[in-house]
Each structure stands twice: as C-alpha cells, then as structure tokens.
Amino acid sequence: KHFFSSCLPASPLISSSALSSFSGVEMTLPLIFETSLKMFVIISNVSWWLIYCTYLFLYPSPFSFPFYTPPPSPRPPFASPPPRLSPLPPAPLVFKNPICKVYRFQTVDSKWMLVREQMDECTLSFSIPRQLLNLYIQEDMRRIHDLRDLGDLSPHWDNLRKEVTSRYGQVIAAYQETLAELDKITGPSFKPSCSKAQRYLEFIPINLHTQRMRVTCPRKTDAFYDVVTVGAPAAHFQGFKGGGLRRLLGRHEAEKKSTAYQCIYYSPEHTAKAQEVLNSVGQLQPLISGLADQLLQAAQQRSAPSLREVLKTLAEKTEQFVHALKDELVKSALLALHAARPGERADSIPCHKEYDEEEWDRVWADVAKSLSCVIAMVDKLQEQEPVNNNQEQPISDHALADVITSHNPSGDWREQLCPLVVRLKDCVEEVVKRAKRAMTFVLLQEAACSIPQGLYLKQRRDVVFSQALAALACGFVMRLYAGMEDRGFLKQLHLVGLVAQFESLLSTYSEEIGMLEDMEVGISDLHRVAFKITQSKTDEPCDLQPVVIGRRDHYTVEVPLPPLAFQTLPDEMKEGKVLQIYPVLFNVGINEQQTIAERFGDISLQERINQRNFEILDGYYKSLNDKVPPECLPCFETQTDLKELLETLGQNVITKKRKNVEILWLAGTICRRLNGIRFTSCKSAKDRTSMSVTLEQCALLRDEHQLNKDYFIRALDCMRREGCRIENVQKNIKCRKYAFNMLQLMAFPKIYRPPEGTYGKVDS
C-alpha cells in the first residue's frame with residue numbers, strides 16, 4: 001500500500017480513483033512486485049515512444065530537406081510574424097501572391113535550424129507609376145498654361161513658344177495614352193522580364209518582388225532578412241544605341257550651347273534655380289495669404305496675443321519670400337522678357353548685361369512698405385487695447401499719421417487693419433506674377449534650346465525615375481512595417497533617415513553599359529524623394545495605399561498607417577516630419593561581357609559609380625554616428641566594427657581587381673548594419689540576381705546562425721534549385737531554368753554559378 005501510495009499517483013496512466021481502489025485490498029508482496037513490474041514496462045514503453053516521436057519532430061533526417069509548404073495565408077510573413085518577432089501591422093493589397101519554401105539545415109553544433117523563404121509581388125509596381133504619370137501630366141499642363149500666360153511676344157519668341165507648347169502637348173498625349181493602357185491591365189502585380197521592352201509598360205519596374213528569409217534556430221531568437229529584387233531601372237523600350245542617360249545628358253548639354261543663336265543659353269544650374277524659385281513662390285504665396293487672413297480674424301476677435309503670434313509668422317514667411325526672389329537670375333530674366341515683347345528689339349536675341357532696376361525696386365518697395373504698415377498698425381492696436389477694454393475713447397494718431405491717416409483709431413480693429421492687409425496681398429501677388437513670368441521665360445529658353453532632344457531625354461528620365469521610385473517605395477514600406485516596434489530604428493528614421501543600397505550586377509559592355517548609365521541617373525534622382533508617415537482615415541485597404549505628391553524636382557511619398565499603429569510613432573513623425581532617403585549604388589559586373597570589358601574595354605563608369613557612392617555612404621555613416629547612439633543599430637553575431645567595414649570597402653573601391661564582388665558583399669553587410677533597405681538588380685532581376693540573393697542568404701546563415709560549413713554549398717545549391725528564386729524564373733518565362741549556358745558560367749565567379757540541371761538556353 002505504501003508503495004502504490006507513493007509511486008503510482010505520479011504516473012499519468014493511473015487515475016486517482018484507481019489508486020483509491022488499492023487502498024482497501026490486502027496485497028501480498030509477490031503480487032505487489034508483479035504489478036509494479038508490469039506498470040514499469042508499460043510506462044517505459046510509452047516514454048520511449050514519446051521520446052522517439054519528439055526526436056523525429058525536432059531533429060528530422062538530414063537527407064529529407066528541402067520540402068515545400070504552401071503559404072498559410074494570402075498575406076506576407078511580415079503581416080503576422082511569430083510572437084518572438086515584433087508584431088507588424090498588416091499591409092493588405094500591397095504585398096500579395098506569396099510563394100513560400102521551408103528548409104532545415106544543420107548548425108555547427110549538430111543541431112537544426114528552420115529557414116523559411118517567402119517571395120511576394122508588390123502592387124506598388126503599378127500604383128506608383130500611375131500616380132507619377134498623373135503628376136507628370138498635371139505639371140506639363142501647368143507649364144503650358146504658364147507659357148501662354150507670358151502674354152504677347154515678338155514673332156521669334158512666339159514661334160518658339162508655339163513649338164515648345166506643341167511638344168509638351170505631344171508628351172501629355174503620350175502619357176495619357178500610357179495611363180489609359182495601364183488602367184486596363186489586370187492579373188499579376190509585376191512586369192515579367194519578357195515584357196521589359198513593351199511600350200505601355202515602360203514606366204513599370206521589371207520583375208519587382210520582395211523576399212524575406214526568416215530563421216528559427218536553437219541558439220538565437222527568430223530573425224528575418226529582407227531584400228527587394230528588381231530589374232535595373234532603364235528605358236528598354238527606347239533602347240541603348242546612343243548610350244544611357246548619363247552619356248546622353250552630357251552630350252545634350254554640349255549641343256545646347258551650339259544652338260544658343262536661337263535663344264538665350266541658361267546653364268543647368270540656372271534652370272534648376274528657376275524651377276526652385278517657381279516652387280518657392282508657389283508655396284509661400286498661399287502661406288502669406290492665409291496668414292494675412294488669420295491676422296484679420298485675430299483683429300476681428302480683438303485678440304492681442306493672437307495678433308502678435310500671427311504677425312510674427314507672417315513677417316518670417318514674407319522674409320523667406322523676399323530671400324527666394326532676391327536673385328540676379330530673376331532680374332536678368334525680367335529684362336530679357338521685356339526685350340522679347342513686340343517692338344522691343346524683336347529682330348535679335350535680348351541681351352541682359354544691363355537692366356533697369358527701377359520698376360523691380362518699386363515693386364519690392366511696395367511689399368516692404370505694406371508689411372511695415374501692417375506691423376505698425378498692429379503695434380498701434382495693441383497700444384489701444386487697455387483703453388478699449390475700459391472706455392471707448394479715441395486715441396490720437398502720432399506714429400502712423402503718414403501711412404494710416406484715413407483709418408479711425410477708435411473703430412473696429414479689422415476695419416482698420418483690412419486695407420493694409422489687402423494692400424500687402426496685392427503687392428505680393430504682383431511680385432509673384434512678375435517672377436513667375438520671368439522664370440517661365442527662362443524655362444522656355446531651356447526647352448527651346450533643347451527641342452526635340454531635350455524633351456525626349458525628359459521622357460526617358462521620367463521612365464527611369466518611375467521604375468526606381470516604385471522599387472524604393474516598396475522597400476520603404478517593407479522596412480517601415482518591419483521596424484514599427486523598434487524604437488531605435490524609428491529614432492534613426494526621423495533623426496537621420498535611411499540608406500537605400502542598390503546592388504547592381506550589370507556589365508560595362510554593349511547594351512548593359514547603357515542600362516547602367518540609365519540606372520545611375522535614376523538612383524541619383526531618388527535624392528529628390530522624401531517620405532512622410534500619415535494617419536489613415538480607416539483600416540480599409542484603399543486608405544492604406546502610399547500616395548505620391550509633388551513635381552519633378554521634388555516628390556514626397558505619404559505612407560498611411562492605421563490609427564492604432566500611427567499612435568505608437570515618435571511625436572516628430574506624427575507631426576509630419578519629412579523622412580530623408582540616401583540612395584547609393586554599387587555595381588560589379590560578373591558575366592562574360594564584363595570579362596571582355598575588363599580585358600579590352602573600359603570600366604571607368606563602374607569605378608566612378610562605386611567611388612562616388614562610397615563617399616555618400618561614408619557621409620551618411622558620419623551623420624548617423626553624430627546623431628544616433630550605437631544601441632539604436634541592430635546587433636549581429638559578427639562583431640566587426642562599422643568603421644572598419646567602411647574602411648575595407650573604401651580600399652576595395654580603389655583597388656584595381658577584376659570582378660571584385662567583395663565590394664557588393666561589404667556594401668550589403670554595411671547596409672544591414674545601418675538598418676538600411678537592400679536592393680539587388682541585374683538586367684531582369686531573374687538570373688544573376690537569383691545567384692546573388694541566394695548567396696547572401698546562405699552567408700547570413702553561416703555568419704549569423706552558425707550554419708555548418710559542410711552544409712554551405714548544399715544549402716546554396718538547394719535554394720537555387722528548389723527555392724523561391726527558381727519560382728521567380730518560372731513566373732517570368734514559364735520555364736524552371738536560369739538563362740545561362742556553360743560558356744557564360746565559365747566567366748562567372750564560382751560562387752555565383754547555379755547547380756547542374758538548373759540552367760540552359762531560354763528566352764529571357
């Protein structure tokens with residue numbers, strides 16, 4: 001009895017009622033021994049079965065990987081991560097059509113890690129270009145309106161205006177036609193590589209996908225690694241016979257100077273300044289007008305504190321307005337426009353070495369005088385406040401007799417202030433009208449000197465920028481959703497901004513050098529882009545789509561978040577602080593064409609790109625180091641110092657070494673250590689990109705999760721043979737083979753070669 005009382009209740013196979021039945025039975029020692037022996041055998045067998053099943057579940061056979069598991073839901077993995085990862089808000093209808101693969105690999109301590117790979121399409125592939133096309137159309141329509149608003153011009157200039165207006169009309173018609181065709185498209189949310197040269201799809205990025213690798217291993221918490229894969233932003237439909245944008249723009253600038261006999265030549269800096277002035281006055285005039293109205297409202301309420309506050313802001317904005325227009329370019333352009341009027345030296349190009357400043361100074365004097373009158377009147381009204389609160393007695397006017405003699409000081413504040421405010425608004429409007437006409441005339445010269453090549457290059461640049469911005473917006477949204485609960489990341493985001501590192505595998509030979517020249521300009525133009533986080537009206541998918549606003553010289557992408565997620569952001573971001581992006585591009589060609597370029601051609605373009613972008617990356621790191629504490633950056637197993645990594649990258653950039661892919665490895669590592677956004681590109685983001693992405697993933701498993709070295713090549717071949725990247729090939733060309741042949745692969749670095757049976761001659 002004592003034996004059963006102490007031992008049997010511990011067994012999960014015997015209930016408490018069964019135990020109580022033993023307590024009233026007299027049992028002999030042999031019976032007790034026999035019963036206990038039987039129970040021991042039963043418990044032992046069950047225990048061994050449980051141990052065996054647990055072992056099979058946790059430690060599967062090394063020869064059974066990989067296996068495919070269908071996606072558990074139509075949402076990407078970052079929509080509902082496991083508890084150990086930051087809970088991420090859903091991103092419905094932005095990432096879709098996931099493909100998942102799961103692997104298990106052995107670690108150095110003979111344990112097993114679980115690796116989940118997921119690839120998604122991104123609806124921004126089409127939505128961002130559509131928005132950009134609408135903005136392009138609106139901007140060019142405004143340009144036509146501004147040109148017509150120049151008024152009467154002499155025959156020479158009027159003919160140039162008509163020609164430029166006609167060209168803008170052709171561009172608008174082409175963009176409207178492209179937009180109409182895009183609106184008809186249904187189906188997949190990506191442009192396959194075989195459609196790269198289709199006219200109506202030229203604004204759409206090639207084969208844009210997101211890829212995430214999630215790792216679960218015994219010794220480390222779950223981790224994930226993201227990369228965006230996209231074909232090199234380039235104008236494939238327009239071709240590369242004359243090279244890419246970098247070469248074409250340089251050649252065009254030289255040709256413009258030779259056509260200066262038809263018009264006034266303005267440098268690119270002058271043209272950019274003219275556009276900047278137009279933007280400044282376009283933004284400041286509504287602000288000044290709105291502040292003037294607020295001043296009148298405060299006067300109507302007889303609120304002295306409000307008057308002082310609004311007046312201070314009004315004076316600041318007016319000062320900015322004056323500073324924006326206080327430029328020699330505005331003065332010289334005003335004279336040139338005056339000379340282009342009918343009867344004013346119509347037979348020649350207007351010269352602007354000298355100009356009459358009297359009229360322009362008079363306009364500025366009116367603005368200054370009007371503002372001074374407003375300030376003086378507000379001061380006078382504030383002096384009246386104590387008297388008006390106690391007794392209705394008129395106060396004699398001393399200080400403002402010369403400017404406000406017609407106003408009754410004892411009357412309503414708004415009535416006294418209104419004529420002066422209206423006068424200020426009228427003066428500002430007159431200055432804006434003159435400045436806009438002057439700057440529009442400068443832009444007319446720029447367009448007239450560059451017809452038709454200039455507008456063709458503008459269209460090409462629009463195409464390339466559209467592809468680059470769609471990829472960047474996709475990467476930013478993915479990175480933002482992944483870091484919503486990382487306070488260090490959010491602090492870095494609003495204090496400094498993010499680096500967006502583009503890895504390119506294009507060669508510097510034949511057509512691909514033109515693609516690289518396009519890509520260089522497209523990535524560089526992303527400096528004109530900023531992001532802003534907004535609060536969505538609802539949680540509905542249609543309210544969570546990123547929105548692009550702005551014009552060609554500067555765009556802002558507004559990313560809406562659900563109200564609950566928005567409230568967790570830092571105050572600076574909730575208040576609408578603009579978030580900066582630092583795009584950098586590193587290129588190393590790896591194919592047989594790069595071998596030809598290195599032996600017999602010219603690789604100076606690649607060297608210049610890498611050197612220039614290293615300087616940008618190094619500058620970003622220094623800025624980050626000054627403003628953000630190190631604990632805000634992610635922790636990695638490899639303890640190499642970021643500064644040391646940058647020094648090594650700098651040395652590799654200036655080293656003359658063929659196919660120095662270590663540049664790409666170092667740049668990618670630095671980007672991840674800086675919380676950046678990773679992009680990988682080649683011609684179509686299908687073949688060489690797949691080799692690079694799988695190599696990076698296996699390197700991360702080795703360096704961060706202790707992948708057994710004996711399994712490195714097996715894991716690499718496995719991902720290339722059965723992983724998401726071969727599925728990407730299937731989606732693009734309906735064939736599960738990378739577009740390589742044996743001769744090409746002989747020129748590849750060995751680590752970038754796919755396994756046997758996964759490549760062949762196919763149409764890509």
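Being a predicted model, the structure only gives us computed values, none of them experimental.
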**Message:** Here's one to test your reading of the geometry: is the NZ or CZ of Arg714 within 45 degrees of the ring axis of Tyr711 and under 6.0 Å from its centre?
**Reply:** yes
**Message:** Side chains of Gln545 and Ser127: any donor to acceptor distance under 3.5 Å?
**Reply:** no
**Message:** Whether the Glu647 and Gln651 side chains hold a donor-acceptor pair (N or O, under 3.5 Å, no angle test) is what I'd like checked.
**Reply:** no
**Message:** Can a donor-acceptor pair be found, under 3.5 Å and without considering hydrogens, that links the side chain of Asp140 to the backbone of Ile172?
**Reply:** no
**Qualifying residue for side chain to side chain contact (heavy atoms under 4.5 Å, CB included) with Arg688, from Ile590, Thr680, Val693** = Ile590
**Prompt:** Looking just at side-chain N and O atoms, do Gln459 and Gln238 make a donor-acceptor pair shorter than 3.5 Å?
**Reply:** no
**Message:** Taking the side chain as everything from C-beta on, heavy atoms only, tell me whether Asn610 gets closer than 4.5 Å to Val653.
**Reply:** yes
**Prompt:** Is the backbone of Phe240 close enough, under 3.5 Å, to the side chain of Glu511 for a donor and an acceptor to pair up by distance?
**Reply:** no
**Message:** Quick one: does any side-chain atom of Gln453 pair with a main-chain N or O of His252 as donor and acceptor, under 3.5 Å?
**Reply:** no
**Request:** Look at the side chain of Asn207 and the backbone N and O of Ala685, then say whether any donor-acceptor pair between them is shorter than 3.5 Å.
**Result:** yes
**Asked** With a distance cut-off below 6.0 Å to the six-membered ring centre and an angular limit of 45° from the axis, does Arg673 pair with Tyr621 as a cation-pi contact?
**Response** no
**Prompt:** How are the rings of Phe531 and Phe476 set relative to one another: parallel (under 30°), tilted (30 to 60°) or perpendicular (over 60°)?
**Reply:** parallel
**Sidechain-backbone polar pair: Gln131 side chain, Pro546 backbone, donor-acceptor under 3.5 Å** = yes
**Prompt:** Under 3.5 Å, is there a donor-acceptor pair between the Asp553 and Gln275 side chains?
**Reply:** no
**Prompt:** Hey, is the main chain of Gly757 close enough, under 3.5 Å, to the side chain of Lys737 for a donor-acceptor pair?
**Reply:** yes
**Message:** If only side-chain N and O atoms count, and only distance matters, is there a donor-acceptor pair under 3.5 Å linking Lys659 with Thr595?
**Reply:** yes
**Asked** Do Glu177 and Tyr200 have side-chain N/O donor and acceptor atoms under 3.5 Å apart?
**Response** yes
**Request:** Would you kindly check if the NZ (Lys) or CZ (Arg) of Arg212 is within the cone defined by 45 degrees around the ring axis of Phe224 and under 6.0 Å from the six-membered ring centre?
**Result:** yes
**Asked** Which atoms form the tightest heavy-atom contact between Ala232 and Met519, and what is the distance?
**Response** CB-SD, 3.8 Å
**Request:** Starting from the C-alpha separation in whole Å, work towards a yes-or-no answer on side-chain contact (heavy atoms from CB on, under 4.5 Å) for Leu701 and Tyr225.
**Result:** CA-CA 10 Å; Leu701 294 178; Tyr225 306 93; 5.9 Å; no
**Short side-chain donor-acceptor distance under 3.5 Å, Tyr103 and Glu117** = yes
**Asked** Donor-acceptor pair, Lys196 side chain versus His236 backbone, under 3.5 Å?
**Response** no
**Message:** Can you tell me if Tyr509 has over 12 outside heavy atoms packed within less than 6.0 Å of its OH?
**Reply:** no
**Prompt:** Lys761 versus Asn741: any side-chain heavy-atom pair under 4.5 Å?
**Reply:** no
**Request:** Would you confirm whether Ser681, through its side chain, and Val230, through its main-chain N or O, come within 3.5 Å as a donor-acceptor pair?
**Result:** yes
